[in-house]
Amino acid sequence: MINGFDIAPPLLTFVPYSPTMYRTHTCGELRLAHVGTEVTLSGWVQRNRDLGGMTFVDLRDRYGITQLSFNLEARPELTEQARKLGREFVLQVSGTVTERESKNPGMPTGDIEIRVTQLHILNASETPPFTIEEQSDGGDELRMKYRYLDLRRPSLQRQLMLRHNTAQAVREYLNSARFMEIETPFLIRSTPEGARDFVVPSRMQAGQFYALPQSPQTFKQLLMVSGYDRYYQIVRCFRDEDLRSDRQPEFTQIDCEMAFVDREDVIATFEGLLRHVFKQVKGIELPEFLRLSYDEAMERYGSDKPDLRFGMEIHDLTPLTRNEAFPVFEQAESVQAICIPGAAEWSRKQLDTWTDWVKRPQIGAQGMVWVKYAADGTLKSSVDKFYSESELQRWSSALSAQPNSLILVLSGSTTKVQKQLGTLRLAIADELGLRPNDTFCPLWVLDFPMFEFDEEQGRWFAMHHPFTSPYGADYEELRENPGAVRANAYDLVLNGSEIAGGSIRIHNREIQQTVFALLGLSAEEAEQQFGFLLNAFRYGAPPHGGIAFGFDRLCSILAGLDSIRDVIAFPKNNAGRDLMIDAPAEIDAQQWKELNLKPAK
Ligand code: ASP
């Protein structure tokens with residue numbers, strides 16, 4: 001039982017491979033107990049070693065590697081044939097399982113080999129453009145171009161298996177909690193809110209376009225109106241954003257929605273889901289899920305997705321640093337600091353490097369003040385001229401600093417300084433190895449602001465999305481002071497990544513209209529773009545809420561990887577290209593014509 005749900009027994013138990021016409025066993029399953037058995041295996045040539053009298057071939061499939069042995073004296077013709085086998089040839093072999101003379105304890109099948117009596121070459125192979133080993137010699141681009149070969153490598157095979165197991169564990173949990181898997185359309189209409197849409201021209205309705213969904217958001221809400229009170233879908237979503245290093249234009253979400261629930265119901269259900277996944281896939285019991293409000297997360301960690309695997313929290317030193325002699329701090333809206341334990345010995349060069357690092361345009365700090373709190377209790381700083389030792393002492397007490405630590409101080413506008421220190425905190429932790437990929441610290445971030453004001457565009461934006469319910473605010477507050485309204489939204493954060501986000505939704509037509517209006521949509525625009533939803537809310541929409549997990553990110557965290565690319569079978573590169581099929585690509589003149597489109601000049 002997890003959170004009151006009966007979880008079906010795991011589906012992940014090992015079932016022996018059932019034989020086919022091509023094989024009796026896989027290349028990963030034969031052991032000493034099989035010695036004497038006649039077997040047939042099929043697979044790819046991993047390696048071929050000719051030792052004169054004996055030739056050994058390693059045969060690989062996705063289950064493992066089995067050694068084949070050929071004895072020149074006993075079977076000269078067969079051995080001659082074996083000697084010529086190239087890497088990645090596809091073979092079918094029959095023979096007897098035999099105990100090996102020199103065993104290989106590093107391999108699960110390392111106690112046995114197959115003494116081959118029959119060999120069929122099922123297909124030849126050209127020499128692959130890179131080595132198909134755990135560590136390949138091929139560069140990124142080359143491996144992307146030949147992704148079907150890269151996918152033969154054990155590391156990618158493990159990651160795709162982990163992805164499959166994760167999807168199974170998700171389905172197990174949600175099915176047993178009575179969620180229904182329902183598909184929603186991929187060809188929908190474009191809406192300007194949120195990221196940019198991928199659009200698809202319609203041939204039959206000239207001049208009109210579908211859009212690919214950024215998420216099934218409105219459809220899952222409509223399913224709640226229809227009475228399917230627990231929905232999920234492991235679903236592809238599409239966002240045409242400028243690609244940052246680890247973004248994919250198409251990605252997968254575990255998309256969920258529930259009716260007749262409040263925030264605590266959703267939180268309990270999906271905490272249970274994450275626990276179940278970690279248990280099934282990694283055998284790990286997750287620790288307690290902490291909770292932080294958005295404001296607290298920003299104040300203490302300078303991020304709305306804090307990594308809690310290490311401390312180094314941000315502390316406010318503003319009142320302690322006011323000093324006319326030092327105008328930088330005197331005039332700053334806020335002065336904030338982090339403390340790095342064990343770092344009092346950092347060299348001048350290291351400090352200069354980090355100072356340059358925070359001054360880069362991406363971070364944008366004006367400068368950085370440091371205080372060294374030495375192991376012997378003495379304090380030394382880059383602002384010794386302006387602050388006495390007893391003042392520095394007060395700073396270090398405010399940070400609860402221990403001897404042998406380093407305090408780094410930034411100043412400026414509060415929100416900027418928080419974000420800068422948040423980024424610095426992560427970079428230093430990376431350098432110090434404080435972010436191990438086998439430690440997991442989940443937390444919920446709650447009480448987000450409902451709206452953010454964009455100075456450039458002079459209007460409010462929904463921080464989550466426009467369907468999110470305000471938290472306890474009435475109409476008046478919504479209209480008069482939108483900046484103060486909190487959203488009934490929640491993010492699930494794991495090790496510094498937002499792995500899921502969701503909210504309790506608006507189910508009242510008038511509130512939804514008010515929110516659209518606040519976001520700058522006229523009544524006509526709202527009707528045109530979201531009329532179907534506003535109409536649905538006329539016919540008994542139940543209270544509802546939901547969440548979506550970033551499935552690729554979740555898999556990459558489970559696999560202990562930084563990038564989501566390696567848990568996706570056929571990913572795109574950083575420019576959004578599929579290098580293997582060479583997409584996007586041009587279309588021919590006939591297609592332009594049929595679609596009633598003209599190529600850009
Ligand atoms: N549809 C939202 C998203 O894709 C998630 C949710 O609110 O359920 O971010």
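Ligands are counted one by one from 1 in listed order, and the atoms in each one are counted from 1 as well. Any value given below was found using the heavy atoms of this structure, including those in side chains, with hydrogens, waters and symmetry copies removed.
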Q: Relative to the heavy atoms of Ser215, which atoms of ligand 1 are at a distance of less than 4.0 Å?
A: 1 (N), 4 (O)
Q: Going by atom types only, do Gln221 and Gln217 share a side-chain donor-acceptor pair under 3.5 Å?
A: yes
Q: With side chain to side chain contact (heavy atoms under 4.5 Å, CB included) as the test, pick out the partner of Phe289 among Ile267, Val493, Leu274.
A: Leu274
Q: So is Ser503 polar-close to ligand 1, meaning N/O to N/O under 3.5 Å?
A: no
Q: Where on Ala548 is there a heavy atom closer than 4.0 Å to ligand 1, on the side chain, on the backbone, on both, or on neither?
A: both
Q: Measure the distance from atom 1 (N) of ligand 1 to every protein heavy atom, then report the residue, atom name and distance (to 0.1 Å) of the closest one.
A: Gln217 OE1, 2.7 Å
Q: Is it true that Arg505 and Ser503 share a donor-acceptor pair across their side chains at a distance under 3.5 Å?
A: yes
Q: Give the single entry among Glu498, Gln214, Arg505 that approaches atom 6 (C) of ligand 1 most closely by any heavy atom.
A: Arg505
Q: Can you see whether Ser413 engages Glu333 through a side-chain donor-acceptor pair at a distance of less than 3.5 angstrom?
A: no
Q: Which part of Thr468 is near ligand 1, with near meaning a heavy atom under 4.0 Å away: side chain, backbone, both or neither?
A: neither
Q: Does a donor on one side chain and an acceptor on the other come within less than 3.5 Å for Gln253 and Ser215?
A: no
Q: Polar contacts were defined as any N/O atom of the residue lying under 3.5 Å from an N/O atom of the ligand; does this apply to Asp255 and ligand 1?
A: no
Q: What closest approach, in Å, do Arg230 and Arg178 show between heavy atoms, and which atom pair accounts for it?
A: CB-O, 3.6 Å
Q: Heavy-atom contacts with Gln253 under 4.0 Å: which atoms of ligand 1 show up? List them by number with element.
A: 3 (C), 4 (O)
Q: Using non-hydrogen atoms of the residue, decide whether Arg239 is closer than 4.0 angstrom to ligand 1.
A: yes
Q: Tell me the nearest of Glu257, Lys220, Gln221 to atom 8 (O) of ligand 1, using heavy-atom distances.
A: Lys220
Q: Taking the six-membered ring of Phe310 (Phe, Tyr or Trp), confirm whether the NZ or CZ of Arg425 is under 6.0 Å from its centre and within 45° of its axis.
A: yes
Q: Indicate, with yes or no, if the rings of Phe467 and Phe530 have centres closer together than 6.0 Å.
A: yes
Q: Taking only heavy atoms of Gly502, which atoms of ligand 1 are found under 4.0 Å from at least one of them?
A: 6 (C), 7 (O)
Q: So which protein heavy atom does atom 5 (C) of ligand 1 come closest to, and at what separation?
A: Gly501 O, 3.4 Å
Q: The criterion is ring-ring contact (aromatic ring centres under 6.0 Å, His included); which residues satisfy it with Phe186, sequence neighbours excluded?
A: Phe238
Q: State the atoms of ligand 1, each with its element, that fall below the 4.0 Å cut-off from a heavy-atom position in Ile547.
A: 8 (O)
